[in-house]
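Source: prediction; values computed, not measured.
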Amino acid sequence: MKNLSIKLKITLWYTVFMTILIIVILWLLFSISSSQVLSNAQLRLKDTVTRSFHEIEYEDGVLEFDKDINFLGEGIYISVYSAQGALLYGRTPSLFHGAPMLIMDEIQQVTSGQNLWYVYDYCQKIDGYGNLWVRGIASQTQTDAALHILVRLALIFLPFFVLCIAAGGYLIIRKTLAPLADMTETARQISEGNDLSQRIRVGEGKDEVHKMAHTFDRMMDKLQASFENEKQFTSDVSHELRTPVAVILSQCEYASREDTTPEETRGCIRAITNQARKMSNLISQLLTLARADSGKQQLHPEILNLSELAEIITEEQRSLAVARNITLETDIQPDILFCGDETMLMRLFINLISNSITYGRQNGHTLITLSSGSGYITGSVADDGIGIEKDKLDKIWNRFYQVDSARSSGERQGSGLGLPMVKWITQAHKGTISVESSPGEGTRFTFTFPAQPRNAEK
């Protein structure tokens, strides 16, 4: 049984069960039917004998027997005897040779040769004549023949009926379990060919097998997306690190030449330092995101004056804005308290403001707002820069993604990890962030946090 498939196991189980059930039901049916048929035969025999007295008359000293007495009961032989046992009328079956004694109101079973007979005798007084016996004889063999025919028909149709049940059940089970076979084949193809695009696609269905197949497809979708993200992540990290590593190597080679002047050597060291800082910042962001993905990045919440924090970061970023002739403007409500991780919230403001400066237009403006009300703290960073196309808005949260318009500007200063960091920081503080942008008109990032209860502020 261990080597049989699930289809065969289920089919065999319910086929055996149905066979036993049908046999038991037929046995009970035959037992009840046999008793009922025999009981009806005996009742019919009694009724025929008692009714036959109505067909006998005594007139003018002569017994008269109506001809209908022979047709009262089909298959029943009627004979009339005197009180002394002499045959007066009727006939007995040619194969019947038993029961010479007349016994009042009792059905006898008499075996004669290979046949079994029912014999019923009844005595009744005929007016003017006296007592008269009527005997009825019926063949039990003929009664049993009908049951034997029924048994033979059942034995013929029972196996056919069981085979139909087994075949129909097997087809239904095979169709029902077909997604499991597809799932096994899909898993085998994925295992042998490393093709994560394979799916079962069983179609619509609400049974357990269809639900499991749909769950398998959704799992494969997530696995495929995860592997593709991992490959893209590896490619992007390699690309991001390749440029600073190449710069560091070239600067080291140039600085190690004998004809390099001390001033040129110091310039090489400064270039190496800048690239090393860029790599350090990139690695720090990658480690933070990796810990966040694994749930190991811990926050250190404390009560902060979010308004002062936003003002401080804005002042720190003002020198970068001046270098690009971008004006930073603020509309910050004072003394907004919030319980959060100071380092992470600083990085949120730094990333949003530096992003607006990097992709803002020359002589443009950036507006930083922060307010509290209706149970929420709401902040925004809006610029009037190059903007983002609508079909690319949902991609800016992907790691290492940068819009083409930004790349075409020739100033690819970012690594493409700033906005993913901002999104994670916002979500880690139970907040949300959204973006609105129009190409050539600017971009606006808006974040919200749940306002801090008064008792927590104190």
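Not counting sequence neighbours, R444 has no partner by the salt bridge (charged side-chain N to carboxylate O under 4.0 Å, His left out) test. E316 pairs by the salt bridge (charged side-chain N to carboxylate O under 4.0 Å, His left out) definition with nothing, not counting sequence neighbours.
Side-chain N/O atoms of T432 and T448 include a donor and acceptor closer than 3.5 Å. Checked by atom type, the side-chain pair S380/T446 shows no donor-acceptor distance below 3.5 Å. Between the side chains of R270 and T273, no donor-acceptor pair of N or O atoms lies under 3.5 Å. Checking Y120 against E106 by side-chain atom types alone, no donor-acceptor pair falls below 3.5 Å.
A ring-centre distance under 6.0 Å is not found for Y376 and F449.
Judged by distance alone, the side chain of E264 and the main-chain N or O of T261 form a donor-acceptor pair under 3.5 Å. Checked by atom type and distance alone, the side chain of N325 never pairs as donor or acceptor with a backbone atom of N363 at under 3.5 Å.
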Report the C-alpha separation of Q317 and I357 in whole Å, then their side-chain angles, then the decisive distance to 0.1 Å, and conclude whether the side chain to side chain contact (heavy atoms under 4.5 Å, CB included) test is met.
-> CA-CA 9 Å; Q317 296 293 314; I357 296 172; 4.2 Å; yes
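Checking I377, D335, T378 one by one against S372, the side-chain contact (heavy atoms from CB on, under 4.5 Å) holds for a single residue, I377.
N305 contributes atom CG, which lies 8.5 Å from atom CD1 of I336 (distance to the nearest 0.5 angstrom). Summarising the geometry, atom NE2 belonging to H300 is positioned 8.0 Å from atom OG1 belonging to T343; distances are rounded to the nearest 0.5 Å. Remark: F160 CZ to I165 CD1 distance equals 11.0 Å, nearest 0.5 Å.
In this pair, H429 and F338 present their aromatic rings tilted. The plane angle is within the 30 to 60° band.
Contact of the L367 side chain with the T369 side chain is registered, since non-hydrogen atoms from C-beta on lie closer than 4.5 Å.
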